Amino acid sequence: MYLLKWVIGLALLCTAYASDPLIVEIANGKLLGKDNGHYYSYESIPYAEPPIGELRFEAPQPYSNQWIDIFDATNPPAVCMQWNQFTAEKLQGVEDCLTVSIYKPKDHNRDSFPVVAQIPGGGFMSGGAAVNGHEFLMREGNLLVVKINYRVGPLGFASTGDIDLPGNYGLKDQRLALQWIKQNIENFGGMPENIVVVGHSAGGASTHLQLLHEDFSQLARAAVSMSGNALNPWIIHRDHRRKAFELGRIVGCGQLKDSAELKNCLKSKPAREIVSAVQSFLIFAYVPFAPFGPVLEPEDAPDAFLTQDPAEVIKSGKFAHVPWTVTHTSEDGGFNAAQLLERNQTTGQTLIDILNDRWFDWAPYFLFYLDSKRTVDEMDEFSSELRQQYLGDRRFSEESYWDVQRMFTDILFKNGVKASVELHRKYGQSPVYSMVYNNPAVNGVAQVLSNRTDLFFGAVHGDDFFLIFDIGALRPVIRPDEEVISKTYIKMLEDFALGDNGSPTFGQCILQNNANSEQYQVLRITQNGCTNEQYDQFP
Ligand SMILES: *[C@@H]1O[C@H](CO)[C@@H](O)[C@H](O)[C@H]1NC(C)=O
Ligand SMILES: *[C@@H]1O[C@H](CO)[C@@H](O)[C@H](O)[C@H]1NC(C)=O
């Protein structure tokens with residue numbers, strides 16, 4: 001009798017335990033998440049061995065530890081160590097940072113959800129899972145969210161361009177994280193066959209670069225690159241070898257010539273010294289905004305991620321033929337043109353006035369043509385042409401700012417959208433969708449960069465994305481029309497993840513496929529809703 005009671009008691013305990021949504025079991029053991037009222041979270045779960053010691057500047061190794069105790073997945077993710085120009089404390093984060101964080105809605109009527117896997121942006125230099133809020137997505141309650149941490153800055157991207165220090169560690173991290181998600185997400189209530197990968201800015205370009213691998217089609221059903229794609233000029237770096245040795249010199253490795261020696265020396269230095277060296281690669285403020293980033297690796301590099309120009313990869317047709325959406329905002333270039341309008345608190349002067357004297361020095365850093373193989377004369381000529389094309393004979397000033405911002409938008413974001421739509425529709429066998437967002441936020445990146453509220457900037461970088469992944473303090477409230485757009489975007493992501501009812505929709509608009517289309521198909525989003533537009537020339 002006594003024994004029977006004990007057996008029943010144990011059975012009940014086991015059932016309660018097995019159905020406890022806070023405990024999840026994966027190959028490494030059990031982990032404990034957190035109840036946040038309307039959703040559960042499982043944060044800072046390692047997907048790779050810590051990239052420290054001998055593993056610094058190496059491709060990530062899958063996480064293999066077996067947990068003896070229950071792993072505590074209730075700690076918010078720390079960012080990967082970074083030099084962040086946008087925060088008071090510029091040196092931030094930890095080197096041991098390769099984790100995913102998972103957020104699952106509560107819904108008593110269902111226990112599995114389509115998945116949105118998010119690759120954070122930040123110019124390959126900063127950012128991380130912690131910076132991208134999930135409140136809007138959890139409020140809608142239809143998608144399970146996974147946010148990926150990956151190495152950034154020199155720790156993620158330093159490269160000598162040879163097999164000793166090939167680079168692209170951050171992109172290799174993302175890829176391993178996507179594989180982890182595919183393998184494990186079912187245990188958390190995610191649908192492994194219904195994953196959409198989304199990124200903004202460097203996250204958008206990363207998403208595109210991930211899609212340029214054929215086996216990405218096994219990892220995700222669709223991908224969305226917002227305001228950042230692989231054909232933007234700030235993605236592929238060309239001057240990385242010189243920078244890697246310069247990095248070594250700054251942290252006290254001396255004037256080395258050999259890549260293997262450099263790597264050994266860099267492995268022996270404190271991470272904070274390597275990351276703090278970033279400030280030596282900026283000419284002022286945070287210009288250029290991406291001094292380190294993706295590179296082309298030699299064919300024989302171990303674990304190579306990218307050995308060919310992205311445009312060449314697309315032309316080869318060897319990429320994942322899954323639906324891809326590429327977007328920009330009408331005034332994306334407000335990042336980072338708006339900083340030209342910040343007033344010096346002492347002199348009242350703005351950088352845009354100074355630009356009249358410094359255009360030839362600064363333009364290649366602002367617009368990322370320094371790394372190309374051009375001579376100084378060729379670069380000067382290009383700078384001159386750009387100025388003529390966008391400003392004519394006018395001076396750089398507050399009055400001509402909108403044309404400067406238009407130049408930044410075209411060069412840094414929009415031309416890459418045009419180029420990639422063109423190539424994907426020609427060489428791809430899957431839908432390519434293009435969207436442009438024009439609904440300015442009251443307080444966006446441009447207001448922050450310029451520290452001014454007396455000017456109108458239009459819809460700049462992030463005005464759309466921050467309606468999906470909120471940015472907390474910068475935009476604590478959104479307008480009613482933005483609420484509607486937020487919900488519509490999230491519904492569109494769900495369509496992409498499910499991918500089962502033909503064309504995805506944005507509100508009352510059905511997205512139009514650019515593949516096999518003579519004209520450019522563009523979905524335009526404004527305060528009043530959406531419109532489908534067709535163009536002979538990219539608008
Ligand atoms: C403002 O101008 C003064 C005088 O030219 C200069 O010393 C100072 O560094 C400037 N401040 C900023 C934030 O650029
Ligand atoms: C922003 O501008 C205000 C005045 O409008 C000034 O008091 C403040 O110091 C400025 N902030 C920065 C970071 O320059």
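Both counts, for ligands and for their atoms, begin at 1 and track the order of listing. Note: hydrogens, waters and symmetry copies are ignored here, and every other heavy atom, side chains too, is used. What you see is a predicted model, and the numbers here were worked out from it, not measured in a lab.
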Point to revise | Close aromatic pair by centroid cut-off 6.0 Å: Tyr42 and Tyr103 | key: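 No: the rings miss the under 6.0 Å criterion.
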
Validation: residues 440-452 side-chain donor-acceptor distances under 3.5 Å, sequence neighbours left out:
residue	atom	partner	partner atom	Å
Asn443	ND2	Leu474	O	3.3
Gln447	OE1	Gly444	N	2.9
Gln447	NE2	Val442	O	3.3
Ser450	OG	Ala446	O	2.8
Ser450	OG	Arg452	N	3.3
Arg452	NE	Asp454	OD1	3.1
Arg452	NH1	Leu341	O	3.1
Arg452	NH1	Glu398	OE1	3.2
Arg452	NH2	Glu398	OE1	3.3
Arg452	NH2	Glu398	OE2	3.2
Arg452	NH2	Asp454	OD2	2.9

Exercise for review: Hey, can you tell me if Phe366 and Phe284 have their rings parallel, tilted or perpendicular (30° and 60° cut-offs)?
Suggested key: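 The arrangement is perpendicular - the two ring planes meet at more than 60°.
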
Practice item. For the residue pair Ile490 and Thr488, establish whether any side-chain heavy-atom pair is separated by less than 4.5 Å. Key: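 With C-beta onward as the side chain, the pair stays apart.
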
Point to revise | Non-hydrogen side-chain atoms of Glu331 and Trp402 separated by less than 4.5 Å | key: yes

Exercise for review: Run through ligand 1 for me and note each protein residue having a heavy atom under 4.0 Å from it, chain first, then residue number.
Suggested key: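 Residues near ligand 1: Asn344, Thr347.
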
Review point. Backbone N or O of Ala129 within a donor-acceptor pair of the Asn149 side chain at under 3.5 Å?
Key: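 Present.
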
